[in-house]
Structure formats: structure tokens, C-alpha cells
Novice: 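Here it is: the structure, laid out below.
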Amino acid sequence: MAGLAAARALADAGMRVTVVEKGRGVGGRVATRRIEDAVFDHGAQFCTVQDERFAELVGRWCTRQVAREWARGFDPHEKSTQGRRPTYCGSQGMTSLAKELAESLDIRVNSRVSVLAVDGAAWQIQAEGGVTLRADAVILTPPIPQTLDLLDASRIRLQADVQRELEHVQYERCIAVLVLLDGPSHIPPPGGVRLDGEPIQWLADNYLKGISPHQSSVTIHAGPEFSRVHWQDDDERLVQTLYEAVASYLHSPVRSSQVHRWRYSKPAPCLERRCVGVLTTPPLILAGDAFAGPKIEGAVLSGWAAAELLMKES
């Protein structure tokens, strides 16, 4: 979302932008998946709003029916939600938000960048499969370890204090189990339960959430410690273990399931600044959710900051 936010801002300012994405689709952890007729949000589950500019963006999403308010709190024992901040979800799944930012942009998916090289006053960007691109400036928004690996492979040296700052950022892992049920779950409305523990930190009924109208589908997010310890467990064992941990919420038997492992689920600690300018000739800027907070809002704010810094230096 940081990369898309930066690209959208630059394109709206009249710049020619290319988004290079290693995955099959846009959005990163803002991810939605289908199993048969069921729909699952299996990464980021919702977004909240604090920043005024981000509030305007979410307001536009809601007006365009890209997003909608989902809930005000996820504690089933809380009788009143008065005073609670709203949470918003994508109207057709969380990828709705990413696709709206990506609309009309030049996006190259399935393109993992392997090397960056300075070529005169520009960048030469090499991606797997023999693809070469040329750009006047680069904004990198992968998770910090992947960014550092790319810079190292490209023989780009950071200032020692910046290197130490970035290396200090660690990431929690998250194992997501997606289960298609043979009947309704026992998850209470509005369809999300924040457990914040081990082995489970989050549970969501995508049918109650309103994105899976034809099938009862449940997303289970394991806690960071369970995810770290059981990262290499086979999928069948993970499904069985995590299903049993929340059996009282599910009730119905599992018809089918999938497992997704988020290696870079949540950065901690986050950096205080929203982006980092590494080079100015040609410009190279680092951004992402590790810079402005481990949520969708933080990623978008970081992307905007990177775009503003680039336009200032251009």
C-alpha cells in the first residue's frame, strides 16, 4: 500500500510512474483470496483512521463504495460501542482498497527486482526474467530485510547510522489458516474476534463481514509466538491445531482449507520518520509500513511522504 500510495500521488502530479511488484497482484498484505465460492481476507483485516488526510481518502473510498464501515470494536462482551473508533473494510474484500489506488497505473506484476544500478543520472532496474527498466528515481517499499538484501546485492552502501536503524527493525510472523465450513460459524456479529493471544490472535467470519455472501468462510490468524515456533509445520497439522484452538467459535466441520504464511506480518519497532532519502542523484527513497506504523494508514502515509520528498528533490 505504501508503494501504491506513492505511485498514485506521483501520477496525479503528472509524473510517469511504473510499479514493479514481485507478487501476482497488488496490495501486499492487503490481500483477499477465493476458495471455491468463498471469499477470505487473509492479511490485513481492516483499517482505522487517525490522520486527517487519510480520513479524506477513506471517505472517498466509502463514497465510491470501495470501502465501508465494518464495526466499532470486536469485543463480544462489550454492550456499548459508543465512543469507539470505526473500522473500515473493503466492500469486496480488502484488495478493493489496493485496486482503487492502482487504477490506471502501469503495474508490472510477477516481477521481482534483483539489482539496481546507477546509469548516469538514472537508475537501471533489473528484474527476474531478463526484464530491464530505466527510471529517473526509485522508491523502495518492500519489508526492510528484503530492501536491505536488494541494496546489498546492488552494492549500494547506506550511511552507518541509517544501516543500523534499519537493521534494528524486526518483524513478527503470522500463520493464516483459511477454512471453508460446511455450515455457519458461532463467531458473533460483527464477525471479528480480537483474541490477542497464543495460539490465536484474530478470528473472522467473512460471511458476517459481508465479503463472502455465498459460503461460510473463516480466517484464523495465529499469534506471533505460535507462528514463529510452528512456521515449518505442515499445513494439515496447522489447520488441525488452530481449528481445535477455536472449535467453540466454529462449530461446523471444515470442508476445505488453505494456509498462508506472512513472514513479514508486523514490523517492530517502527521508525519515527515516514521515509528515508538514501541518495539524491539519482533519487532513491525507502518507505513502507515500518516507517509510519504497522497498519494500512501508516503504509499510506509513508508512501505519500516518499512521493512528496521525491517531488521536492526533482
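FYI, side chains are in, hydrogens and waters are out, and symmetry mates aren't considered; it's all heavy atoms of this structure. In what follows, residues are counted from 1 in the order of the sequence shown. All values reported here derive from a predicted model rather than from experimental measurement.
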Novice: With Arg164, which residues qualify under salt bridge (charged side-chain N to carboxylate O under 4.0 Å, His left out), at least two apart?
Specialist: none
Novice: Looking at Phe226, is its backbone amide N or carbonyl O close enough to the side chain of Glu198 to form a donor-acceptor pair, meaning the two atoms are under 3.5 Å apart?
Specialist: yes
Novice: Supply the atom-to-atom distance Leu284 CG to Glu313 CD, rounded to the nearest 0.5 angstrom.
Specialist: 10.0 Å
Novice: Applying a strict under-4.5 Å side-chain criterion to I, L, V, M, F, W and Y, I'd like to know whether Ile175 and Val179 cluster together.
Specialist: yes
Novice: Between Asn206 and Thr219, do the side chains contain an N or O donor and an N or O acceptor separated by less than 3.5 Å?
Specialist: yes
Novice: Keeping the roles fixed (side chain from Thr141, backbone from Ala287), state whether a donor-acceptor pair exists under 3.5 Å.
Specialist: no
Novice: Answer with yes or no whether the hydrophobic clustering places Val162 together with Leu310; edges join I, L, V, M, F, W, Y residues whose side-chain heavy atoms lie under 4.5 Å apart.
Specialist: no
Novice: Contact between Pro224 and Gln201 at the side-chain level, heavy atoms closer than 4.5 Å - yes or no?
Specialist: yes
Novice: Does anything in residues 147-160 pair up under side chain to side chain donor-acceptor pair (under 3.5 Å), and if so which pairs, sequence neighbours excluded?
Specialist: none
Novice: Applying salt bridge (charged side-chain N to carboxylate O under 4.0 Å, His left out) as the test, list every pair that has at least one member in residues 5-20; sequence neighbours left out.
Specialist: Arg8-Asp12
Novice: Would the distance check show the side chain of Ser111 and the main-chain N or O of Val109 forming a donor-acceptor pair, the cut-off being under 3.5 Å?
Specialist: yes
Novice: Any side-chain heavy atom of Pro282 sitting closer than 4.5 Å to one from Asp136?
Specialist: no
Novice: Are Leu148 and Leu158 packed together at the side-chain level, in the sense that at least one heavy-atom pair is separated by less than 4.5 angstrom?
Specialist: yes
Novice: Tell me whether Ser256 contacts the main-chain N or O of Leu180 through its side chain, where contact means a donor paired with an acceptor under 3.5 Å.
Specialist: no
Novice: For a quick test of your reading: what N or O donor-acceptor pairs under 3.5 Å do the side chains of residues 55-67 make, sequence neighbours left out?
Specialist:
residue: Trp61; atom: NE1; partner: Glu100; partner atom: OE1; Å: 2.9
residue: Thr63; atom: OG1; partner: Gly59; partner atom: O; Å: 3.0
residue: Arg64; atom: NH1; partner: Glu100; partner atom: OE2; Å: 2.4

Novice: How about Gln92: does its CD atom have over 12 heavy atoms from other parts shown lying under 6.0 Å from it?
Specialist: no
Novice: Would you say the side-chain atoms of Lys209 pair up with the backbone N or O of Gln45, donor to acceptor, closer than 3.5 Å?
Specialist: yes
Novice: Gln146 and Tyr264: which non-hydrogen atoms are nearest, and at how many Å?
Specialist: NE2-CE1, 3.5 Å
Novice: Hey, are the side chains of Arg85 and Val49 touching, using non-hydrogen atoms and a 4.5 Å cut-off?
Specialist: no
Novice: Classify the angle between the aromatic ring planes of Trp202 and Phe74 as parallel (below 30°), tilted (30 to 60°) or perpendicular (above 60°).
Specialist: perpendicular
Novice: If you compare all heavy atoms of Leu203 against all heavy atoms of Ile220, which two are closest, and at what distance to 0.1 Å?
Specialist: CD1-CG1, 3.5 Å
Novice: Strictly distance-based, threshold 3.5 Å: is any side-chain N or O of Thr95 a donor or acceptor partner for the main-chain N or O of Ala31?
Specialist: no
Novice: Who passes side-chain hydrogen bond (donor to acceptor under 3.5 Å, both in side chains) against Arg112, sequence neighbours left out?
Specialist: Glu128
Novice: Can you list the residues that meet the salt bridge (charged side-chain N to carboxylate O under 4.0 Å, His left out) rule with Asp37, with sequence neighbours excluded?
Specialist: none
Novice: Minimum heavy-atom separation for Ala11 and Leu105, please, with both atom names.
Specialist: CB-CD2, 3.7 Å
Novice: Could you pull out the closest heavy-atom pair between Leu150 and Ser114, with the gap in Å?
Specialist: CD1-O, 3.4 Å
Novice: Could you please spell out the steps behind the side-chain contact (heavy atoms from CB on, under 4.5 Å) verdict for Arg68 and Cys89?
Specialist: CA-CA 6 Å; Arg68 58 177 173 78; Cys89 67; 3.8 Å; yes
Novice: Tell me, which pairs form a salt bridge (charged side-chain N to carboxylate O under 4.0 Å, His left out) where one or both residues lie in residues 278-299, sequence neighbours left out?
Specialist: Arg29-Asp289
Novice: Check this for me: does any side-chain nitrogen of one of Asp233 and Arg261 sit under 4.0 Å from a carboxylate oxygen of the other?
Specialist: no
Novice: Transitively linked via ILVMFWY side-chain contacts under 4.5 Å: Phe291 with Leu279?
Specialist: yes
Novice: With sequence neighbours left out, what residues match Arg273 under side-chain hydrogen bond (donor to acceptor under 3.5 Å, both in side chains)?
Specialist: Glu165
Novice: How would you list, by chain and number, every residue that makes a side-chain hydrogen bond (donor to acceptor under 3.5 Å, both in side chains) with Arg108, sequence neighbours excluded?
Specialist: Asp106
Novice: Can any side-chain N or O of Trp123 pair as donor or acceptor with the backbone N or O of Leu116 at less than 3.5 Å?
Specialist: no
Novice: If you take all heavy atoms of Ala38 and Ser212, which pair is closest and at what distance?
Specialist: CA-OG, 3.5 Å
Novice: Can you name the side-chain hydrogen bond (donor to acceptor under 3.5 Å, both in side chains) partners of Arg34, sequence neighbours left out?
Specialist: none
Novice: Can you get from Trp262 to Val30 by hopping between Ile, Leu, Val, Met, Phe, Trp and Tyr side chains that sit under 4.5 Å apart?
Specialist: no
Novice: Out of Leu309, Leu10, Leu286, which residue meets the side-chain contact (heavy atoms from CB on, under 4.5 Å) rule with Ile139?
Specialist: Leu10
Novice: Would you tabulate the side-chain donor-acceptor contacts of residues 239-247 under 3.5 Å, counting partners in other chains and residues two or more places apart, or write 'none'?
Specialist:
residue: Gln240; atom: NE2; partner: Glu244; partner atom: OE2; Å: 3.4
residue: Thr241; atom: OG1; partner: Arg237; partner atom: O; Å: 2.9
residue: Tyr243; atom: OH; partner: Ser252; partner atom: O; Å: 2.8

Novice: Would you say Pro190 and Trp70 make side-chain contact, with heavy atoms under 4.5 Å?
Specialist: yes
Novice: Determine whether Val17 and Met311 fall in the same hydrophobic cluster, where Ile, Leu, Val, Met, Phe, Trp and Tyr are linked whenever their side-chain heavy atoms lie under 4.5 Å apart.
Specialist: yes
Novice: Partners of Arg255 by salt bridge (charged side-chain N to carboxylate O under 4.0 Å, His left out), sequence neighbours excluded?
Specialist: Glu36, Asp182
Novice: Considering all heavy atoms of both residues, which atom of Arg84 and which atom of Gly73 are nearest to each other, and what is their separation?
Specialist: NH2-CA, 3.8 Å
Novice: Side-chain contact test, heavy atoms from C-beta onward, threshold under 4.5 Å: evaluate it for Pro188 versus Val193 and give yes or no.
Specialist: yes
Novice: If you count heavy atoms of other groups shown closer than 6.0 angstrom to OH of Tyr88, is the number above 12?
Specialist: yes
